[in-house]
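Protein chains get the first letters and strands the later ones, always in sequence-line order, with residue 1 at the start of each. No experiment lies behind these values; they were computed from the predicted model shown.
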Number of protein chains: 2
Amino acid sequence: MGNIMEKNTKEGYGKILGRLEQEILDVLWSKGDATGKEIFDSIKSKREIALTTVLTVIERLTNKNFVKKVRGESVYIFKPAFTKDEFAGKVSKEMLKSIFEISASGASASFVDMLADTHPLELDRLAFLIESKKKEMERKAWRR
Amino acid sequence: MGNIMEKNTKEGYGKILGRLEQEILDVLWSKGDATGKEIFDSIKSKREIALTTVLTVIERLTNKNFVKKVRGESVYIFKPAFTKDEFAGKVSKEMLKSIFEISASGASASFVDMLADTHPLELDRLAFLIESKKKEMERKAWRR
DNA sequence: CATTCTATTCGACAATTTGTAGAATGTCAA
DNA sequence: TTGACATTCTACAAATTGTCGAATAGAATG
C-alpha cells in the first residue's frame, strides 16, 4: 500500500544526520576513536569517496559538538563526543519534544508499536523505566 | 547549564516541520478546514506575512500529502490529511526508527523522561499500552 | 462584453544544510 | 630543500524552507 510519508523528501522525516555524518559517527562508535585517515579508509572501503570530503564532514561534526578533536602525536584524533546511548537520548529528547507538542498520545502509541516491532525485549525494560519514574515522582511529590 | 545540542543548527534536531508549515497545520487542525485566505488571516494576525507566502507553503504541504486540497464553491478548501494523533504517530514512527538504529535503550530512557516532564499523566497510559501490546504479542505467539 | 476584484499559480531569490572535492597551506623528516 | 603526508580553505551543487512579486485565471458587476 505504500507509506504516505515516503518519497516526498530527500531523506524522510526522522533523519537526524546525513548519510556521511552517520557513517562517520558509526566508525567512531565502533572504533572508539580514530584519525581522519582511518575514518576515511573505513568509509572508502565501502564506497568511492575523497579524503577531503570525509575530513570536511568530520570537521562539521566537530563544530556541532558531536565529535571531539584532540591532538595526537603528529596527527589529530577524533572521538565521539557522546556514546550511542547518550546521543540517542539527547536527540530523541529533542525530537520527542517536537512531537509531543503536536500529540503526546499519538507519539506514545507509535513508540510502543515501534518498540514491539524492532526491539520487543525492550518493552519490559520500558515498563520498568515507567515504574521507576513513577516512584521517583512520588518521592518528589512527597518531599514538599 | 545549557544543552549541548543547542544553537548549532537553525532549528535544532527534532524539527519535523518548518515554522510556517507548522503554523499552517496548526490552523488547519484547530479549524478542521479552511480556505487559503482564512489560513493567511489567522497567521497574519500574529505576524507580518504575505498572502502568497502562505499559499505557497500550503501548496508544498499539499504536495507532501500533509494537506488535502478540495474544490469548494469558487474557492479551494484545505484540510489536514491526518489528525494530529495520526500525524504524530506517523512521524514519530519514522523518527524513532532512525533513533532506534542508533540506540534503543537511549531512546527509551529519553522517552520516559520526556513524558514525565511534559505529560506525566500519559505515563499510565503508556504503561497500559505496553501491557496491551505484550498481551497481543502473546496471543500471536500462541496461535502458531 | 469590458472592467475590476479576488483567487491561484509561477517563477525567483535567500539562507541553511549536507555532500562533494580540488587548491592551498602547513609540518616534519631525510 | 624537497617530498610526503596532514589539515584547512574555498567552492559548488542539490534540497529544503521562507519569502514574495508578477502573471494568469475566474468570478462578479456594470
| Is the closest basic N to carboxylate O distance between B/Glu138 and B/Lys135 below 4.0 Å? | no
| task | Please determine if a side-chain N or O atom of A/Lys69 lies less than 4.0 Å away from the OP1 or OP2 oxygen of D/dT7. | result | no
| note | Comparing nearest nucleotides in DNA chain C, the 5'-proximal residue of the pair A/Ser74, A/Val54 is A/Val54
| query | Between B/Arg19 and B/Glu23, does at least one N-O distance fall below 4.0 Å, as a salt bridge requires? | reply | yes
| task | Would you indicate, yes or no, if C/dA21 has its OP1 or OP2 atom less than 4.0 angstrom from a side-chain nitrogen or oxygen of A/Thr53? | result | yes
| said: Let's see if you can work this out: which of C/dA21, D/dT7, D/dG21 has an atom nearest to the side-chain heavy atoms of A/Ala50? | reply: C/dA21
| Between C/dC28 (P) and A/Tyr76 (OH): distance, integer Å | 11 Å
| Is any side-chain N of the basic residue among B/Glu21 and B/Lys64 closer than 4.0 Å to the acidic one's carboxylate O? | yes
| Complementary nucleotide for C/dA21 - Watson-Crick or wobble, under 3.5 Å | D/dT10
| Charged N to carboxylate O under 4.0 angstrom, B/Lys134 versus A/Asp124? | yes
| From C/dT8, C/dG19, C/dT18, pick the nucleotide closest to the side chain of B/Leu51? | C/dT8
| message | Measure CD/A/Glu48 against P/C/dT20 and give the value in whole Å, please. | response | 11 Å
| Under 4.0 Å: is that the gap between some side-chain N or O of A/Arg47 and OP1 or OP2 of C/dT20? | yes
| message | For DNA chain C, which residues of residues 17-45 of chain B approach it to below 4.0 angstrom with any heavy atom? | response | none
| task | Return the nearest nucleotide to the side chain of A/Lys64; candidates are C/dT18, D/dT8, C/dA21. | result | C/dT18
| field | Whole-Å distance separating the CD atom of B/Glu59 from the C1' atom of C/dC10 | value | 11 Å
| query | Any Lys/Arg nitrogen of A/Glu136 or A/Lys140 sitting under 4.0 Å from an Asp/Glu carboxylate oxygen of the other? | reply | yes
| said: Between the base of D/dC20 and the side chain of B/Thr56, is one N or O donor paired with an acceptor at under 3.5 angstrom? | reply: yes
| message | Angle between ring planes, A/Phe82 versus A/Phe87, binned at 30° and 60°: parallel, tilted or perpendicular? | response | tilted
| Spacing between B/Glu73 atom CD and C/dA7 atom P, to the nearest angstrom | 14 Å
| Side chain of B/Arg60, base of D/dT19: donor and acceptor closer than 3.5 Å? | yes
For residues 71-80 of chain B, which side-chain N or O atoms pair as donor and acceptor with protein atoms under 3.5 Å away, sequence neighbours left out?
residue: B/Arg71; atom: NH1; partner: B/Tyr76; partner atom: OH; Å: 3.0

| task | Could you tell me the separation between the CD1 atom of A/Ile58 and the P atom of D/dT7, rounded to a whole number of Å? | result | 10 Å
| request: Measure the distance from CG on A/Leu55 to P on C/dG26 and round it to the nearest whole Å. | output: 17 Å
